[in-house]
Amino acid sequence: IRDEASYFLKALQDESPLIRSSAADALELYVNEEIKQSLLQALNDSVLLVRNKASGSLSSFPREIFTQAEWQQVENRFNEYEDFLLAYPDTWSAHYNLGNYFQKRGRHQDAVESYEKAIELEEEAFLPMVNASIAYNILGNNVKAEEKLLQAYNLEPDNPTINLNYGLLLAEKQRIEEAKKYLLQALNSDSTLSQAAYNLAILYALTNLQMAEEYISKAYELDPENGKYGYTYAYYAFQNGRYQEAITLLNNLIKSGSDYVDAYLFLANIYEQRNNIAAAISIYEQAAKLQNIPPAYQESIQMRIRQLKN
């Protein structure tokens, strides 16, 4: 990932405005201080397209990583970016893209209104229906969220994204069997959907641990560096008495560079239970070096290290 980000950072300085704009757009996926500063500089590019792509990427960055002056610089460009998105106001895609922009900025009511306008302009455009359902869910209106997903499902019943989102919504509403049905449809339509496999594992764990392990194994196979998947797979293995397998899964996850702190704490706890105190301390110390872990976690980890060393 670092190599990809470096490539796009270099491309952001290219002579071609098309290459610079593509690089600015791609850097939305990589959030760190160097990239933030490079995109802030791109806000002053002489070419409007580059400025707008930089604005779009920065709109998805967490507000807390900006100083007040930096955020003001971003805000100053947002009006220009919104005008750019609505350059063709009679097209559904313009309002869909504007809704996505509002969604990234946390303006969920504005996002809903833009998605609804997109649907009004094109009744068979299912993408704004799906994203409207997500916005309605965030706003706490699950009646409208389900209504939009049903509308999309009736248009594209085999679409994996629609089935995935419908399954997740139904799971949230505790309609477990229905949720399984749509998540399974999503996975059958797209066998690479690790999120569908993971959520099927969570739902099956309530009644059928064997099926749960089958699906968490699938999710982990699809995305072995996902901390949540590796942790859950290890947890199920541990619950079934396969302690060494759990240890191996957690060690592999940590060696991959995962920052999923619960995996570290679980492995350290297993080592403590097996009276391997030196190994437990080593894992706790690695966990303490993780960036952006909650202060409460940091305090607990440091306290446990001191206790084990005494």
Side-chain angles (χ1 to χ4, degrees), residues 96 99-100 103 112 115 119 123-242 245-246 248-250 252-253 256 258 260 262-263 266:
Y96 169 67
N100 290 341
Q103 190 84 307
V112 160
Y115 293 138
I119 296 165
E123 294 180 352
E124 295 189 359
F126 69 86
L127 290 174
M129 297 172 191
V130 173
N131 286 12
S133 76
I134 295 171
Y136 277 123
N137 174 258
I138 293 170
L139 291 169
N141 190 342
N142 279 342
V143 172
K144 290 292 289 185
E146 184 171 359
E147 175 188 303
K148 291 300 162 188
L149 281 173
L150 269 175
Q151 195 175 352
Y153 181 81
N154 288 333
L155 289 170
E156 297 279 345
D158 296 322
N159 184 282
T161 300
I162 295 170
N163 280 295
L164 172 64
N165 280 278
Y166 200 11
L168 294 176
L169 178 64
L170 291 170
E172 183 179 328
K173 297 176 79 169
Q174 296 301 307
R175 289 155 59 183
I176 304 303
E177 293 307 313
E178 290 177 89
K180 288 179 186 175
K181 170 190 168 183
Y182 289 100
L183 290 170
L184 188 56
Q185 282 184 224
L187 193 58
N188 287 339
S189 297
D190 182 354
S191 61
T192 67
L193 269 181
S194 59
Q195 190 180 2
Y198 171 77
N199 281 279
L200 280 166
I202 298 300
L203 296 180
Y204 272 106
L206 301 171
T207 56
N208 188 332
L209 197 55
Q210 182 178 348
M211 288 294 291
E213 282 208 68
E214 180 180 323
Y215 283 115
I216 196 59
S217 173
K218 173 73 171 175
Y220 178 74
E221 178 186 328
L222 290 167
D223 189 1
E225 294 185 7
N226 186 300
K228 183 166 60 174
Y229 300 168
Y231 169 85
T232 306
Y233 193 9
Y235 176 79
Y236 289 164
F238 186 83
Q239 290 295 104
N240 281 327
R242 303 197 311 276
E245 182 180 351
T248 299
L249 285 164
L250 292 167
N252 288 342
L253 188 61
S256 75
S258 172
Y260 195 72
D262 286 339
F266 187 21

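Numbers for residues simply follow the sequence, beginning at 1.
Tyr115 places no side-chain N or O within 3.5 Å of a backbone atom of Val130 that could act as its donor or acceptor partner. Within the 3.5 Å criterion, the main-chain N or O of Glu225 finds no donor-acceptor partner in the side chain of Ser256. A donor-acceptor pair under 3.5 Å links the side-chain atoms of Asn159 to the main chain of Ile162, judged by distance alone.
Residues Glu146 and Lys173 are paired through a salt bridge, judged by an N-O separation under 4.0 Å between the basic side chain and the carboxylate. Ionic pairing of Glu177 and Lys180 is present here: one or more N-O contacts between side-chain nitrogen and carboxylate oxygen are shorter than 4.0 angstrom.
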Point to revise | Intermediate values then yes/no, salt bridge (charged side-chain N to carboxylate O under 4.0 Å, His left out), Glu147 and Lys144 | key: CA-CA 5 Å; Glu147 175 188 303; Lys144 290 292 289 185; 3.0 Å; yes
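You'll find the ring centres of Tyr215 and Tyr204 inside the 6.0 Å limit. Between Tyr260 and Tyr231, the distance separating the two ring centers is shorter than 6.0 angstrom. A ring-centre distance under 6.0 Å is found for Phe238 and Phe266. The distance between the ring centers of Tyr182 and Tyr153 falls below 6.0 angstrom.
At a cut-off of 3.5 Å, with distance as the only test, a side-chain donor of Glu172 or Asn137 sits close to an acceptor on the other residue. Between Glu213 and Asn240, the side chains place a donor N or O and an acceptor N or O closer than 3.5 Å (distance only, hydrogens not considered).
Glu214 CD: more than 12 foreign heavy atoms inside a 6.0 Å radius.
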